[in-house]
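Chain naming here is simple, since letters A, B, ... match the order of the sequence lines and numbering starts at 1 in each. From a predicted model like this one, the values you see are computed outputs, not experimental measurements. The basis for the numbers below is simple: all heavy atoms, side chains too, and nothing from hydrogens, waters or symmetry mates.
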Amino acid sequence: MRQQKSRGFWYGVYALVLLALVAGIWGMSARVHYDWNWKDVPRYLVSTSGQELLAPFDAYVSITPDGKTLSLKEYGGERSASYTDFAQAYAESGDLVFRDDLLAYQAGLKPGILLVGLWMTLKLSAVSLVFALLLGLVAGLGRVADNPAAKQLSSNYVELIRGTPLLVQIFIVYFFIGTVLQLSAFTAGVVALAVFTGAYIAEIIRSGIESVPKGQMEAARSLGMNYTQTMRYVILPQALKKTLPSLAGQFINLIKDSSLVSVMALTDLTKAGREIISSNFRPFEVWFTIALMYLLLTGTLSYLVRRLEKRLAHD
Amino acid sequence: MTDAPLIHATGVEKCYPNGTQALKGVDLKVARGEVVCIIGPSGSGKSTLLRALNAMETITGGEVVVDGISVHARGTDLNKLRTHVGMVFQQFNLFPHMTALENVMLAPTRVLKRPPEEARSRAEKLLAKVGLADKANVHPGQLSGGQQQRVAIARALAMQPSIMLFDEPTSALDPEMVGEVLEVMKNLAREGMTMCVVTHEMGFARAVANRVIFMDAGLIQYQNAPQAFFDAPESERLKLFLGQVLK
């Protein structure tokens, strides 16, 4: 009973601390006279403006008084055109527009720049993850191999990658390797992230393999299984199961690290945020939103991994 | 051909990199169908000798010939050799992520490339033979030590070996489970399996072995038929050892 009471008390303390934090942030922003404006944020997620309607040739614009029909009459020519399938006109009656000028926004929703950025972040992380796993598996097996070449090479790889900052590696991949091999920004991003994460996965897999009792290798070899068969059917299944939590942590790191590729010409979630801020000067709302979106991504992932762990623990 | 020993080790030496000499020139012959028990104090080299027979341990001198194959020669296909030599370990070493049945089936399907159905029916027969037909779909974690060791024996037998090596198979077991494992081994001996058993079970050695070997300090000190070995040992060291063990 007493314990119940004190637990309730500490939950109260927890709520108070959270409240104090929120009040602190609010107070600080009030001190710099920042007026919050969250109303702008949704349209960066889902843009209601829809597709852009562009002028096909140089022309004069005329819009009917009810605003429903927009007609074009070619400047210095005979062509004309009229549109009714738009939601909001951008040009005004009497305007002279040139080819590819914006006339109006068509009806319909399209993903805003933040969702486009989120999709890029997801794509980048997923593709990098696949290659990082392959690279990590190869290097991890190299670390525990008897072959001196495999051992040395994978050891050097891990040391080199873990000893240099990711940002520097991204610059090297983008500006040096990317230039030499003519890599696109996306490919360069995948290479940098996969090579970086692969080194950490290699260490996780090495420790997983080493955590499998030596007797497992001996038993399998005594049955006439060769090294590859033993690794594939006996050691790796056990090692991967043991390292699943660490691997999940590394995947989450990969998603977060992917924000560093925003230094390249690649509009991921972070870069999308920087682009928005440079046009609307609202860094507070945008960065908070972006943090929340990353949290959503990583939170979903760790939830999925926890479920997978539970399923594996059963058998 | 029947005269040629199945195992013929001559002058086997094992020196560890740290300088410890585990084996100092051991000669051992085991005939087909013979059951040999090796006893001795810990650190006497008996496990090292056993493990040298299927090259789980490298040697630094001498030669081991098993079934006409020089085990430690360059170019010997160890994987192929080991399919003829089953081994049972003190710590069972079952694969914990597989069921008992899958443990027994793994090597026949992957190494001998047996069709899964054939391997499965053979594995079921072997589990029945060690008295565990009802545990086929259970993971090792849910089996007692004695049951695990019996699965391990079935797993080794699945490769249809001509020799079985046992490395202290009952040393990690609770006393009440020793009997069930020894029973399986006795049946195996009765069927004519060639067996080398490193053990502390003197009762088993006396009842089942054709020959008992006493090892100490990296050498075979004494060997004889069990009757003479236990009742009238001609070695002072063995007397001392038996005195301590059988106390």
Side-chain angles (χ1 to χ4, degrees), chain A residues 133 136-137 140-141 144-148 150-152 201 204-248 305-315, chain B residues 47 50-51 53-58 77-99 102-114 137-142 148-149 151-161 163-167 172:
Chain A
L133 270 177
L137 191 64
L141 285 170
V144 296
D146 271 337
N147 185 315
K151 214 183 176 88
Q152 278 305 318
I201 290 180
I204 292 171
I205 286 179
R206 179 186 64 88
S207 75
I209 290 171
E210 283 173 353
S211 77
V212 176
K214 254 182 79 183
Q216 294 289 310
M217 176 62 89
E218 290 194 340
R221 299 306 300 272
S222 81
L223 288 165
M225 294 170 74
N226 62 32
Y227 185 83
T228 315
Q229 290 168 330
T230 303
M231 273 294 164
R232 178 162 166 209
Y233 300 114
V234 177
I235 307 294
L236 279 180
Q238 297 182 55
L240 288 179
K241 193 167 149 183
K242 281 184 194 188
T243 55
L244 201 59
S246 329
L247 282 178
V305 172
R306 263 204 308 279
R307 285 216 6 203
L308 184 67
E309 258 176 83
K310 259 190 205 146
R311 271 229 337 243
L312 284 178
H314 265 294
D315 47 50
Chain B
S47 280
L50 193 77
R51 292 160 56 82
L53 299 182
N54 65 344
M56 295 305 284
E57 200 85 62
T58 57
D77 185 349
L78 284 178
N79 296 324
K80 197 170 164 218
L81 171 89
R82 284 171 181 153
T83 61
H84 304 300
V85 185
M87 192 168 209
V88 175
F89 301 85
Q90 182 177 353
Q91 298 296 339
F92 331 133
N93 297 344
L94 289 182
F95 308 134
H97 58 300
M98 298 178 182
T99 62
E102 287 166 346
N103 263 277
V104 181
M105 283 173 63
L106 179 68
T109 46
R110 299 301 174 190
V111 179
L112 304 178
K113 311 287 181 201
R114 294 266 184 275
N137 296 315
V138 172
H139 281 82
Q142 288 148 283
Q148 287 192 52
Q149 193 60 299
V151 173
I153 293 172
R155 179 176 68 178
L157 289 175
M159 298 299 282
Q160 298 180 281
I163 302 165
M164 285 284 284
L165 308 176
F166 294 83
D167 191 0

Contacts of A/Arg221 meeting salt bridge (charged side-chain N to carboxylate O under 4.0 Å, His left out) (sequence neighbours excluded), chain-then-number -> none
Here the gap from B/Met98 atom CE to A/Gln238 atom CD, rounded to the nearest 0.5 Å, amounts to 8.0 Å
Honestly, the part of B/Leu94 sitting under 4.5 Å from a heavy atom of chain A is backbone
Residues 226-236 of chain A vs chain B, non-hydrogen distance cutoff under 4.5 Å, contacting residues -> A/Asn226, A/Gln229, A/Tyr233, A/Val234
Turns out that what part of B/Phe89 lies under 4.5 Å from chain A's heavy atoms comes down to side chain
Chain A shares the most heavy-atom pairs under 4.5 Å, among B/Asp77, B/Val111, B/Leu81, B/Thr83, with B/Val111
Closest heavy-atom pair, B/Asn54 versus A/Ser222, reported as atoms and distance to 0.1 Å, is ND2-CB, 4.2 Å
Max heavy-atom pairs within cutoff under 4.5 Å with chain A, candidates B/Met56, B/Arg110, B/Arg155, goes to B/Arg110
Between A/Leu223 and B/Met159, the two heavy atoms sitting closest are O-CE, 3.2 Å
Would the number of heavy atoms belonging to other residues, nucleotides or ligands and lying under 6.0 Å from NZ of A/Lys151 be above 12?
-> yes
Honestly, the part of B/Val88 sitting under 4.5 Å from a heavy atom of chain A is neither
Sequence neighbours excluded, the answer for side chain to side chain donor-acceptor pair (under 3.5 Å) partners of B/Gln90 is none
Sorted by chain and number, sequence neighbours left out, salt bridge (charged side-chain N to carboxylate O under 4.0 Å, His left out) with A/Glu218 holds for B/Arg51
Distance col, row A/Met225:CE vs B/Asn79:CG, nearest 0.5 angstrom, shows 10.0 Å
With chain B, the option among A/Pro237, A/Gly215, A/Pro213 that has the most non-hydrogen atom pairs under 4.5 Å is A/Gly215
If you draw a 6.0 Å radius around CG in A/Asn147, do more than 12 non-hydrogen atoms from other residues or ligands fall strictly inside? yes
